[in-house]
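So you know, we letter chains A, B, ... as the sequences are listed, proteins then strands, and number each from 1.
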Amino acid sequence: MRTPRLTLRSIKPTNQSRRACLKTPESADQVGPSILLLDPQRIRSCSGTTAKMPFTHNEFKLKYKAEEEFPDLSAHNNHMAKILTLDMYKNLRDKHTPSGVTLDDIIQTGIDNPGHPFIMTVGCVAGDEESYEVFKELLDPVISDRHGGYKATDKHKTDLNPANLKGGDDMDPNYVISSRVRTGRSIKGFCLPPHCSRGERRGIEKLSIEALGKLSGDLKGKYYDLKSMSDAEQQQLIDDHFLFDKPVSPLLLASGMGRDWPDARGIWHNDTKTFLVWVNEEDHLRVISMQKGGNMKEVFNRFCLGLQKIEEIFKEKGHPFMWTEHLGYVLTCPSNLGTGLRGGVHVKLPHMAKHPKLEEILGRLRLQKRGTGGVDTAAVGGVYDVSNLDRIGSSEVQQVQMVVDGVKLLIEMEKCLEKNQPIDSLIPAQK
Amino acid sequence: MGRMASSFVKVPCYSLSNLLRSSSIMPFGNSHNLRKLEFSIDDEYPDLSTHNNHMARLLTRELYGKLRERQTPNGVSLDDIIQTGVDNPGHPFIMTVGCVAGDEESYDVFKELLDPIISERHSGYKPTDIHRTDLNPNHLKGGDDLDPKYVLSSRVRTGRSIRGFCLPPHCSRGERRAIERLSVEALDALGGDLKGKYYPLKGMTEEEQQQLIDDHFLFDKPVSPLLLASGMARDWPDARGIWHNDTKTFLVWVNEEDHLRVISMQKGGNMREVFTRFCKGLQEIEVIFKEKGHPFMWNEHLGYVLTCPSNLGTGLRAGVHVMLPLLSKHEQFGPVLKRLRLQKRGTGGVDTAAVGGVFDISNADRLGYSEVKLAQMVVDGVKLLIEMEKQLEKGKSIDHLIPQQK
C-alpha cells in the first residue's frame, strides 16, 4: 500500500470545511482569542481521510528559508550528516508522515550528537513505519551507507527456521562462556519510541503482556513493569543481568525515546531465565535468548520458536510486526533493519586479543568485537563479545551461521597460539 | 503586532483571527497532536503519582482532557509544555515548576493550567493582578554603600524574550539564528561603557574560551535534566553566544534558557551602580529591538514573559556574594531571610552549597513587585544581615534586629 505523502501544498480546504473543523465553544467566555480547539471527528469527516490537515508544528518553520533552517553539520561525523544536503533538506522539510513525524524529528539526534572521529553513528531514527517511505530520499542512502551498499531495490530474506542452522551446538565451553541472540520487533499501528505518545506506549505494553502471557512450556514467564517493581525484584533482575534502566546515552535521549520514563516500560522473562523481552526501550520489543556455555543452536532454537509464537499472537490481535519485503523487520534505528539480529558469544581469546591481525580476521568473517559490557565497552581479561556485523541483506540463519562458524575458527586460532603455532594458514577469505 | 524588520525574513505575529481570515492559511490541524486524541484521556494522561512539582500538583485528569485538544498558533501543545515535569518527578524538598512555555501564546492558551501554577509559585498572584515594571534606577534608595568587607560582589540578572519568535523549548533553528542576528545587531549599537563584543559558542577560539571561563562568563550546554527535557538544548551550540562589554560589567547570554539573559555585575558592594548600569543597558537594548520591529514580550499582567513561569514579572534576581559565617550558623538565619523575602544559595548558583560562610543572597520574588522594589529589598536586607553579623562578631544578641515579615 502506497503511503500517502502529505505536503502542505496538496491540501485545499474550502471555507466551509475550515469552519466545520473547529468546535463551537459553549460560550465566548470560555475561549480566548488565541485558542483553537480541535475536533477530530469533524476533521475526519470534512477532509475524507484523517490527517490531511496542515501540520502547524512544522508549518511555522516553513516561514524561514531552507538555508535558515538547515542544520550546521560541519563538525559532524555520522551517516545522516554525510548524506543530508541542503537540496535534500529543501525537498523533505515540508513533508510529514500521517502521524506527524517530520524531517527534524528524524534527524534531531544526529544534529545534537556530532559523533566521534572513529565511531560512525547513524544520526537519525524513524518515528514510525511510514518514516522509511516518506523520507526515503534521506533514509535509503543512509541505509545503503550503513549496510554495505544495500540498494533501494534490494529484497531482504527472513529465515527464522532454526533447522537451517548447521552445527552450533558444540562450541568449546572452555572458551565460550555464554551465548546470546537478540533482536527487536515493532508493532504495526503504533508510532516508534522516539515519537509515540503515552497512550500508544501503554497500548503496546498491554498488548505485549497479553501476548507474552500466552506463552507456555519452557517459555512460560512473568512481566515486571519498571514503575512498580519491588526492591527485591529489582535486585534479582540486576543480578540476572536483565534489568534495563533509563538510557543515559545522549544519542538515545536526543531522539525522544526517554520521554515519560518509566511509564509503560518493563521486562518479561521466562521462569528458566533463558528468554527475555524488553518492552518499550529503544524499540517496542527487544527479544533476547541467552544461556551460559556454547550451545548457540539451542539458544537460536528457543529464539526462533519464541519469536514465532509471539508473532502469531500479535497477528491474531490485529497488530502484526512491522515488516516489509525490502527492509525486513522495521525498527527505530536504521542500523537494526533487516533481521535486527545480533547473535554473539562471550569468548575467551587472550592470545588472539594481542594478535595484530585480529581486526582483519574479524572483518573477513563479518564479525565484530565488543567488550563484555556491550556496545562501546572494552574487553576485560581477554574476554570478548563477538557477534555478527550485518543486519540486512542476509537472513537470521545466515547471520547466526557466520557467528557459529567464525567463533569456531577463532577458537581454533586461539588454540594454535596457545601452542605457539602460527595461524596464517587459518586466515580465511573475505566472506 | 510587530512591524516588519527590514533586514530579516518576514516573521508575522499571528493572532488566531488573522489566520482564520487569511484564505491562504489552511485550517489548523496539528497531526502531531491529533493522533493522540484518538486515545482516551486516561490512556494519555501522564502518571504523576510519584511527582512533586507545581505542574504535577495542579494538572488533574479533567484539566488534561480539556487542554489536550488545544494548541497555540505555533503548534505548541499541552504535552510540549508539561513534558519536562513528566520526565522529572522532582525532589521532596525542592519544588520545581514542572512546565515551560513554548511561545508567548502558551500563557494564554493554557492559562487554566499556568495561572494556578503562577499563583502557587508566586505567592498567590491572581489572574487579574497587574504587574508593575519599574526600571528607573533613581527610585532605588541607597545601595552604594554595602560594606565591602562583607560583600564580595554584586550582581543583577534578568531575562528577555523577543516578540515574534518561539521560546527556546520550541523554537526552530531559523528562529534561533534570527534571534542571534537581531541580538548582535542590537548589542553592537551600544556605546560608551556598554560598548562590547559578541562571542558565538560555535567557532570560539581556545583562548577566548579560556578567558570567558576565567571571567566566569562562559555558559555551556546544560546538563540539568530539567532543562534538557524541555527541548531548549536542541541544535547546541548553534546560534548561542555570549556578549559582554569591554569593562566586563555587562553581559548578555543569547539563546540559553531564554532568548536573552542580561547580567550586570562587579566586585564589591555598590549595588546601586550595578543596578543603574543594568537598567540603562536594558532600556537601550529595548529601544533598539523595538525599532527593529521586535519588542520584548511584555504584558500588563505577567510583566516580562519568559520561558519558565518562575521567571515571570521582572525575571530579576538581584544578589550579592556576602560573608556571613556566624549568622549562617544562627538558628534565626532561615526565618530572617524569609521575612526579608530573600533566599540563599551557594556561590556556585542554584542548587549549590555555600563555601567558607559565603552566601549568594538574592530576592525570592519575581512577579508582583517591580525591579526597583526587589533590588531595594536586597539592598536593605543585606545591610541588615551584615549588621547582624557584626553583632554576632561582638558576641551580642541579634533578637532586637529581627525584622517583621515584609
Side-chain angles (χ1 to χ4, degrees), chain A residues 6 8 11-13 15 17-19 21-23 32-40 43 47 50-61 63-65 68-72 75 96-102 104 108 111-112 191 197-200 202-203 227 253-254 258-261 263, chain B residues 9-12 14-17 19-20 23 25-40 42-47 50 69-77 79-80 83 86-87 105 108-111 166 170 172-175 177-178 202 225 228-229 233-236 238:
Chain A
L6 301 167
L8 297 173
I11 302 162
K12 292 182 184 45
N15 275 334
S17 62
R18 187 185 308 135
R19 272 192 290 279
C21 294
L22 304 177
K23 262 207 286 227
S34 54
I35 295 175
L36 174 69
L37 296 179
L38 304 170
D39 183 351
I43 288 167
S47 60
T50 56
K52 257 201 180 169
M53 306 297 282
F55 187 47
T56 320
H57 185 79
N58 200 33
E59 192 185 57
F60 82 87
K61 297 181 200 176
K63 297 185 291 207
Y64 288 80
K65 299 201 288 267
E68 293 289 302
E69 288 291 344
F70 186 63
D72 180 347
H96 61 101
T97 68
S99 75
V101 177
T102 62
D104 276 347
Q108 193 66 50
I111 299 171
D112 290 346
C191 290
S197 73
R198 280 181 294 275
E200 287 189 291
R202 290 165 180 173
K227 218 171 20 171
L253 291 176
R259 290 168 300 127
D260 314 308
W261 203 276
D263 198 301
Chain B
V9 172
K10 225 164 81 148
V11 183
Y14 289 112
S15 73
L16 178 60
S17 45
L19 281 160
L20 288 177
S23 59
I25 302 291
M26 295 163 283
F28 279 123
N30 186 345
S31 46
H32 183 77
N33 199 34
L34 260 185
R35 190 193 172 90
K36 296 179 200 175
L37 296 178
E38 294 173 25
F39 287 80
S40 73
D42 287 303
D43 278 340
E44 288 293 344
Y45 180 60
D47 181 348
T50 57
E69 296 178 4
R70 300 185 189 170
Q71 67 193 52
T72 72
N74 295 308
V76 177
S77 65
D79 276 346
D80 292 330
Q83 193 66 51
V86 173
D87 289 347
E105 293 85 346
D108 196 45
V109 173
F110 301 105
K111 61 198 297 77
C166 291
H170 194 76
S172 72
R173 281 180 294 277
E175 290 189 297
R177 290 164 180 173
K202 214 174 23 167
L228 293 176
R234 289 166 300 126
D235 315 309
W236 202 275
D238 197 303

message = Need one label for A/Gln108: side chain, backbone, both or neither, based on atoms under 4.5 Å from any heavy atom in chain B.
response = side chain
message = With a 4.5 angstrom heavy-atom cut-off, is it the side chain or the backbone of B/Ala233 that approaches chain A, or both, or neither?
response = backbone
task = Select one option (side chain, backbone, both, neither) describing which atoms of A/Asp72 are under 4.5 Å from chain B's heavy atoms.
result = both
ask   = Can you say whether B/Asp235 sits under 4.5 Å from chain A via the side chain, the backbone, both, or neither, judging by heavy atoms?
value = both
ask   = Do NZ/NE/NH1/NH2 and the carboxylate oxygens of B/Asp79 and A/Arg198 come within less than 4.0 Å?
value = yes
key: Nearest heavy atoms of B/Asp42 and A/Arg202, plus distance in Å   = O-NH1, 3.3 Å
ask   = Please walk me through it: do B/Arg35 and A/Ser197 pass side-chain contact (heavy atoms from CB on, under 4.5 Å)?
value = CA-CA 9 Å; B/Arg35 190 193 172 90; A/Ser197 73; over 6 Å; no
key: Heavy-atom pairs under 4.5 Å with chain B, option from A/Asp104, A/Leu253, A/Asp260, A/Ile111 with the top count   = A/Asp260
request  = Measure across B/Arg177 and A/Glu69 and return the closest heavy-atom pair with its distance rounded to 0.1 Å.
outcome  = NH1-C, 3.9 Å
key: With B/Phe39 via ring pair (Phe, Tyr, Trp, His ring centres under 6.0 Å) - residues at least two apart   = none
Results of side chain to side chain donor-acceptor pair (under 3.5 Å) for B/Asp87 - residues two or more places apart only = B/Gln83
